[in-house]
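Just so it is clear, the model here is predicted, and its values are computed rather than measured.
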Amino acid sequence: QPLQPSLFWYYLLELSFYWSLVFTLPFDVKRKDFKEQIVHHAATIFLISFSYCANYIRIGTLVMVIHDASDCFLEPTKIFNYMKWKKTCDSLFMIFSAVFLISRLVIFPYTVLYNTYYYSMEIFQPFFGYYFVNALLIILQLLHVFWSCLIIHMVYKFILQGTMKKDMRSDTEESDKDEERENIREKEKNGITYFSNVTSNNYIQRNGSESLNNRTHLTNGHVKER
C-alpha cells in the first residue's frame with residue numbers, strides 16, 4: 001500500500017486534530033459523555049498511529065472518511081445553534097442524524113469491521129496487529145451505538161416537539177447548571193425583593209396608619225384637654 005502525499009497530509013491533519021481535542025479536554029465544558037469522549041479520542045489516536053506505522057493505509061483512510069462524513073454536518077449545526085438560527089439548525093441536525101446513523105451503524109460495521117475481522121483471516125494469519133486493531137474498532141463501534149441512542153432520542157423529541165431544544169449530552173452540562181443557578185438566583189432575588197417591597201409597604205402602611213391614629217388620638221386628646 002504505497003503512501004501518497006495526499007494521504008500523508010490527511011493522516012497528519014487527522015492526528016493533529018484529535019491531539020488538539022485531547023489537549024483542550026481539561027478546558028472544555030464537561031458534558032455527560034465526557035468519559036466516552038476520552039475513550040474515543042484515545043482509541044482514534046492509537047488507530048491512526050498504528051495504521052500509519054503498520055501501513056494499513058486503506059483501512060485507516062476508510063475509517064477516517066466514514067467518521068468525517070457526519071462531522072462536516074455536525075460543526076455547522078453547532079454554529080447555527082449558537083447563532084439561534086433554529087430552522088437551519090434543525091434541518092442540518094436531521095441531515096447529520098441520517099448521515100451519522102447510516103455511516104456508523106451500517107457502513108462502518110458491514111464494510112470496515114467485516115473486512116478487518118473476517119475477510120482478513122482469509123489472507124493473513126492472526127497476529128498482534130489483528131487483535132489490536134479489531135479491539136479498537138469494536139470500542140469505536142460501541143461508542144457509535146451509545147451516541148446513536150442519544151441521537152435517536154433527540155430525533156424522537158424533535159418529531160414530537162417540532163424543534164430541537166438542546167443537546168442530550170447537555171443534560172448535566174456545567175454551563176446549563178450555571179444558567180440554572182443564575183435563574184434560581186434571579187428568582188430568589190426577585191422573590192426577596194418582592195417580599196421586601198411587600199413587607200416594607202405593609203410596614204409603611206401599618207406604621208403610617210398607626211402614626212395617623214396616634215396623631216388623631218393626640219389631637220383628639222389635645223382637643224379634649226382644651
Shortest non-hydrogen contact between Ala69 and Val99, atoms and distance:
O-CG1, 3.7 Å

Tell me whether the centres of the aromatic rings in His144 and His40 are closer together than 6.0 Å.
no

For the residue pair Leu47 and Leu140, establish whether any side-chain heavy-atom pair is separated by less than 4.5 Å.
yes

Any sub-3.5 Å donor-acceptor pair from Tyr52's side-chain atoms to Leu12's backbone N or O?
no

Which atoms form the tightest heavy-atom contact between Phe108 and His67, and what is the distance?
CE1-CE1, 4.0 Å

Are Phe96 and Ile151 close enough that some pair of their side-chain heavy atoms sits under 4.5 Å apart?
yes

If we ignore hydrogens and angles and just use 3.5 Å, is the side chain of Asn134 paired with the main-chain N or O of Thr116 as donor and acceptor?
yes

Carefully, step by step, assess Tyr110 and Tyr114 under the rule ring pair (Phe, Tyr, Trp, His ring centres under 6.0 Å).
CA-CA 5 Å; Tyr110 285 100; Tyr114 176 79; 8.5 Å; no

Pairwise distance CG(Leu113) to CD1(Ile59) - rounded to 0.5 angstrom:
8.5 Å

Got Ile48 and Val63 here, is their nearest side-chain heavy-atom distance under 4.5 Å?
no

Who passes ring-ring contact (aromatic ring centres under 6.0 Å, His included) against Phe23, sequence neighbours left out?
Trp19

Contact list for residues 7-16, test side-chain hydrogen bond (donor to acceptor under 3.5 Å, both in side chains), sequence neighbours left out
Tyr10-Asp68, Tyr11-Ser51

Measuring from Ile102:CD1 to Ser70:OG, what's the distance to the nearest 0.5 Å?
11.0 Å

Just so I know, are the side chains of Leu15 and Thr44 near enough to count as touching, which here means a heavy-atom distance under 4.5 Å?
no

Can you name the ring-ring contact (aromatic ring centres under 6.0 Å, His included) partners of Phe132, sequence neighbours left out?
Phe50, Phe128

Could you give all pairs that pass the salt bridge (charged side-chain N to carboxylate O under 4.0 Å, His left out) test and reach residues 95-111, with sequence neighbours left out?
Asp71-Arg104

Quick note, salt bridge (charged side-chain N to carboxylate O under 4.0 Å, His left out) partners involving residues 44-54, not counting sequence neighbours, are none

Should Ser148 and Phe100 count as side-chain neighbours, where that means a heavy-atom distance under 4.5 Å?
yes

Are Leu105 and Phe73 joined in one hydrophobic group, where the rule is that I, L, V, M, F, W and Y side chains link up if heavy atoms are under 4.5 Å apart?
yes

Cluster partners of Tyr82, using ILVMFWY side-chain heavy atoms under 4.5 angstrom, listed by chain and number?
none

Can you measure from NZ (Lys86) to NZ (Lys84) and round to the nearest 0.5 angstrom?
5.5 Å

Side chain Ser49, main chain Phe46, donor-acceptor under 3.5 Å
no

Grab the two heavy atoms, one from Ile66 and one from Ser103, that are nearest each other, plus how far apart they are.
CG2-O, 3.5 Å

Can you tell me how far the NZ atom of Lys78 sits from the SG atom of Cys89, to the nearest 0.5 Å?
11.5 Å

Mind checking whether Phe17 and Leu13 sit in one hydrophobic cluster, side chains of I, L, V, M, F, W, Y counted as touching below 4.5 Å?
no

Gap between atom OG1 of Thr77 and atom CG of Asn81 - 0.5 Å precision:
8.5 Å

Just so I know, are the side chains of Val133 and Leu137 near enough to count as touching, which here means a heavy-atom distance under 4.5 Å?
yes

Same cluster or not: are Trp147 and Met94 linked, directly or through other Ile, Leu, Val, Met, Phe, Trp or Tyr residues, by side-chain heavy atoms under 4.5 angstrom apart?
yes

Are Phe146 and Met154 connected in the hydrophobic side-chain network, where two residues link if heavy atoms are under 4.5 Å apart?
yes

From CD1 (Ile95) to CG (Leu74), nearest 0.5 Å
13.0 Å

So if you build clusters from Ile, Leu, Val, Met, Phe, Trp, Tyr with side-chain heavy-atom gaps below 4.5 Å, do Leu3 and Met64 land together?
yes

Are there more than 12 heavy atoms of other residues, nucleotides or ligands under 6.0 Å from atom CD of Gln4?
no

